[in-house]
Protein chains: 2
Amino acid sequence: MKNTKKPILSCVEAPRVATDTVIFAVFDGCLKVLLIRIGKGEYDGCWALPGGLVRMDESLDEAAERVLSQKAGVEGIYLEQLAAFGDLNRDRRGRSVSVAYFALVRGEDHLLRTIEYYSGIEWKDVRNLPKLAFDHRKIVKLAEERLRNKLGYSNIAYGLMPKEFTLTELQSLYETILGNPLDKRNFRKKIKDIGLVTHTGNVRRTERSRPARLYSFTHRKPTMMDVL
Amino acid sequence: MKNTKKPILSCVEAPRVATDTVIFAVFDGCLKVLLIRIGKGEYDGCWALPGGLVRMDESLDEAAERVLSQKAGVEGIYLEQLAAFGDLNRDRRGRSVSVAYFALVRGEDHLLRTIEYYSGIEWKDVRNLPKLAFDHRKIVKLAEERLRNKLGYSNIAYGLMPKEFTLTELQSLYETILGNPLDKRNFRKKIKDIGLVTHTGNVRRTERSRPARLYSFTHRKPTMMDVL
DNA sequence: CCAAAAGTGTTTCCAATACACCCATGC
DNA sequence: GCATGGGTGTATTGGAAACACTTTTGG
């Protein structure tokens with residue numbers, strides 16, 4: 001049902017509502033987060049998550065999608081609400097409440113429009129973050145935890161992998177995010193047993209060694225399953 | 001660090017920020033939720049979760065605690081953030097964003113000040129809810145799911161149980177919430193193996209049968225563990 | 001001694017783990 | 001033919017699940 005009443009004009013002190021999104025990608029063997037450099041004001045020189053105020057004509061999810069598209073140039077990717085952050089001192093410029101999201105970008109697409117938009121936009125290694133503004137370090141930490149957990153009981157890895165990939169590449173993604181090595185035979189057995197991936201019929205040929213069979217995710221929608 | 005700047009006076013259209021809390025208790029063999037009857041306006045006759053606007057001088061968590069205390073008369077109980085809800089049409093009276101919480105009340109305390117405060121405040125069986133205002137049905141559903149999940153991998157049941165209890169009582173709480181029967185011997189073995197509870201040395205004597213040993217939770221702080 | 005609920009162990013089964021060698025290709 | 005990474009199966013173990021009888025009390 002659509003909201004038919006004219007919204008109330010709020011002329012009293014009230015917290016502002018924003019969204020901030022932790023955008024993950026895996027490449028160069030690292031879990032990366034997309035950050036924007038703040039150029040002036042209270043947090044000059046710090047880095048921050050892409051975010052912005054929520055408008056009157058958009059839901060929280062829509063606001064997060066818009067920010068993703070405007071500031072990071074990505075659309076149609078995996079996006080999920082993380083939590084709301086509303087400590088009094090989270091933003092030194094004034095009272096605000098932020099609804100944090102986390103999003104996943106395929107490693108192959110990590111260059112998409114990021115550098116062109118801002119010069120101050122970069123993928124940073126999660127293990128080695130610069131100084132972050134607001135409470136964004138806390139948000140990234142929570143997002144990282146959530147990502148690691150969900151990897152174990154859902155198929156969200158599809159959000160980080162290209163359409164086609166080898167099982168070795170998939171395993172290496174899991175290892176990068178989880179931070180520990182996995183047994184090759186057990187990994188492949190489990191992945192195949194639960195039908196997480198489907199063989200596409202194609203192979204990738206490399207110089208120097210046996211060609212690898214290519215797979216794609218069986219489901220491209222978020223699905224719960226015991227992956228590991 | 002304390003917020004030293006004067007907060008910005010927001011004189012533009014902006015979503016209002018509220019909290020709503022799903023307060024659970026288990027008694028009479030049912031999982032119950034505390035609801036408040038709405039007496040007038042758009043949602044006349046509907047029931048709603050206790051909630052209210054977030055003030056400028058309190059964090060989201062503090063706002064939830066205040067509402068809990070003012071509207072439900074309970075303090076110092078288990079409280080955890082659930083998620084933020086911000087669909088455009090969630091409140092027909094105007095644009096709002098609500099940060100939902102879920103809270104746990106010991107069954108023995110379920111009468112605490114509830115009836116006295118409002119006549120329109122009642123514990124309702126989760127399996128048989130009345131018509132709810134706003135998007136509160138969705139919020140209750142999510143909270144229920146979260147409660148069921150957490151029961152399996154944390155000790156939060158302590159928030160629902162009295163100080164001392166028998167293992168049969170604890171099992172019956174699990175069965176009520178999960179909705180299916182559990183094996184007595186396996187349940188007791190697991191509960192004891194992981195050290196979830198500690199024997200207090202006391203027993204409860206009933207007429208008509210063998211006395212039951214009394215236990216209390218080993219930890220009264222939220223702790224992650226494989227309970228079931 | 002009877003009714004009522006408390007309390008207690010063992011076996012079975014499945015899923016997670018550990019582990020080592022052969023295969024296909026390019027050079 | 002050799003170097004490189006791809007691909008496969010089995011034995012072991014540990015935890016989950018199934019399952020029935022004895023104990024203690026009050027009346």
Side-chain angles (χ1 to χ4, degrees), chain A residues 28-29 107 148-149 151-155 157 161-162 164-176 178-216 224-228, chain B residues 28-29 107 148-149 151-155 157 161-162 164-176 178-216 224-228:
Chain A
D28 298 344
R148 259 196 291 271
N149 287 336
L151 219 48
Y153 62 83
S154 82
N155 67 343
M161 295 293 288
E164 280 194 327
F165 49 87
T166 67
L167 291 183
T168 302
E169 286 164 355
L170 182 63
Q171 179 177 344
S172 135
L173 179 102
Y174 273 80
E175 289 174 332
T176 299
L178 299 175
N180 53 4
L182 298 171
D183 179 88
K184 183 159 61 158
R185 280 170 293 188
N186 293 336
F187 180 77
R188 292 161 104 98
K189 195 188 323 162
K190 194 68 193 285
I191 292 300
K192 286 181 178 172
D193 280 358
I194 62 174
L196 185 72
V197 297
T198 309
H199 181 31
T200 64
N202 303 330
V203 296
R204 167 169 311 150
R205 322 189 78 86
T206 65
E207 314 135 14
R208 188 175 309 278
S209 98
R210 175 175 178 175
R213 305 188 358 146
L214 289 169
Y215 294 80
S216 62
M224 293 297 169
M225 41 175 69
D226 275 335
V227 179
L228 294 184
Chain B
D28 298 344
R148 258 196 293 272
N149 287 336
L151 220 48
Y153 62 84
S154 81
N155 66 342
M161 294 293 289
E164 279 194 329
F165 49 86
T166 67
L167 291 184
T168 302
E169 286 164 354
L170 181 63
Q171 179 177 343
S172 134
L173 179 101
Y174 273 80
E175 290 173 333
T176 298
L178 298 176
N180 54 4
L182 298 171
D183 179 87
K184 182 159 64 158
R185 281 170 292 186
N186 292 336
F187 180 78
R188 294 160 104 97
K189 193 186 325 160
K190 193 68 194 283
I191 292 299
K192 286 181 179 172
D193 280 358
I194 62 173
L196 186 71
V197 298
T198 309
H199 181 31
T200 64
N202 303 330
V203 295
R204 166 167 314 150
R205 321 190 78 86
T206 65
E207 315 136 14
R208 184 175 314 273
S209 97
R210 174 174 179 174
R213 308 195 344 155
L214 290 169
Y215 293 80
S216 62
M224 294 298 169
M225 42 174 69
D226 275 334
V227 178
L228 293 184

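Below, read A as the first sequence line, B as the second, and so on, with proteins coming before strands; counting in each chain starts at 1. Both backbone and side-chain heavy atoms feed into the values below; hydrogens, waters and symmetry mates do not.
- Contact check of residues 189-197 of chain A against DNA chain D (heavy atom, cut-off under 4.0 Å) returns A:Lys189, A:Lys192.
- For B:Pro162, the side-chain contact (heavy atoms from CB on, under 4.5 Å) criterion is met by B:Glu108, B:Phe165, not counting sequence neighbours.
- For A:Phe165 and D:dG5, the CZ to P distance is 21 Å, given to the nearest whole Å.
- Counting all heavy atoms, side chain and backbone alike, A:Asp226 lies closest to A:Lys190 at O-NZ, 3.5 Å.
- A 4.5 Å side-chain heavy-atom check between A:Val227 and A:Ile194 finds at least one atom pair inside the cut-off.
- Between the C1' atom of D:dA18 and the CG atom of B:Leu182 lies a distance of 14 Å, rounded to the nearest Å.
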Every protein N/O within reach of nucleotides 24-27 of chain C N/O, cut-off under 3.5 Å:
| unit_1 | atom_1 | unit_2 | atom_2 | d |
| --- | --- | --- | --- | --- |
| C:dG26 | O4' | A:Arg208 | N | 3.2 |

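- Here the C1' atom of nucleotide D:dG5 and the CZ atom of A:Arg204 are 13 Å apart, to the nearest Å.
- Atom CG of B:Asn186 and atom C1' of C:dC13 are 13 Å apart (whole Å).
- Within the 4.0 angstrom heavy-atom criterion, base atoms lie near A:Arg188.
- Taking 4.5 Å as the limit, some side-chain heavy atom of B:Lys192 sits within range of a side-chain heavy atom of B:Tyr215.
- No hydrogens or angles were tested; on distance alone, a donor-acceptor pair under 3.5 Å links the side chain of A:Arg185 to the base of C:dA20.
- If you take CG of A:Asp183 and C1' of D:dT12, they are 14 Å apart, rounded to a whole angstrom.
- Pairs passing the salt bridge (charged side-chain N to carboxylate O under 4.0 Å, His left out) check and including a residue from residues 193-216 of chain A, sequence neighbours excluded, read A:Glu169-A:Arg204.
- The two atoms that bring B:Thr166 and B:Ala212 nearest to each other are CG2-CB, 3.5 Å, heavy atoms only.
- The distance from atom CG of A:Leu167 to atom C1' of D:dG7 is 9 Å, rounded to the nearest whole Å.
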Contacts under 3.5 angstrom, residues 196-203 of chain B side chains, donor-acceptor by atom type, not counting sequence neighbours:
| unit_1 | atom_1 | unit_2 | atom_2 | d |
| --- | --- | --- | --- | --- |
| B:Thr198 | OG1 | B:Thr218 | OG1 | 2.9 |
| B:His199 | ND1 | B:Gly201 | N | 3.4 |
| B:His199 | ND1 | B:Leu214 | O | 2.9 |
| B:Thr200 | OG1 | B:Glu164 | OE2 | 2.9 |
| B:Thr200 | OG1 | B:Asn202 | N | 3.3 |
| B:Thr200 | OG1 | B:Leu214 | O | 3.2 |
| B:Asn202 | ND2 | B:Glu164 | OE2 | 2.5 |

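- When the P atom of C:dG7 is taken as reference, atom CG of B:Leu170 falls 12 Å away, rounded to whole Å.
- At least one side-chain heavy atom of B:Tyr174 sits less than 4.5 Å from a side-chain heavy atom of B:Leu228.
- In this structure, the NZ atom of A:Lys184 is 6 Å from the P atom of D:dG6, given to the nearest Å.
- The shortest side-chain heavy-atom distance between A:Asp183 and A:Arg188 does not fall under the 4.5 Å cut-off.
- A:Thr168 comes within 4.0 angstrom of sugar-phosphate atoms only, judged by non-hydrogen atoms across all strands, and of no base.
- Mapping A:Leu214 and B:Asp226 onto DNA chain D via the closest heavy atom, the residue that lands nearer the 5' end is A:Leu214.
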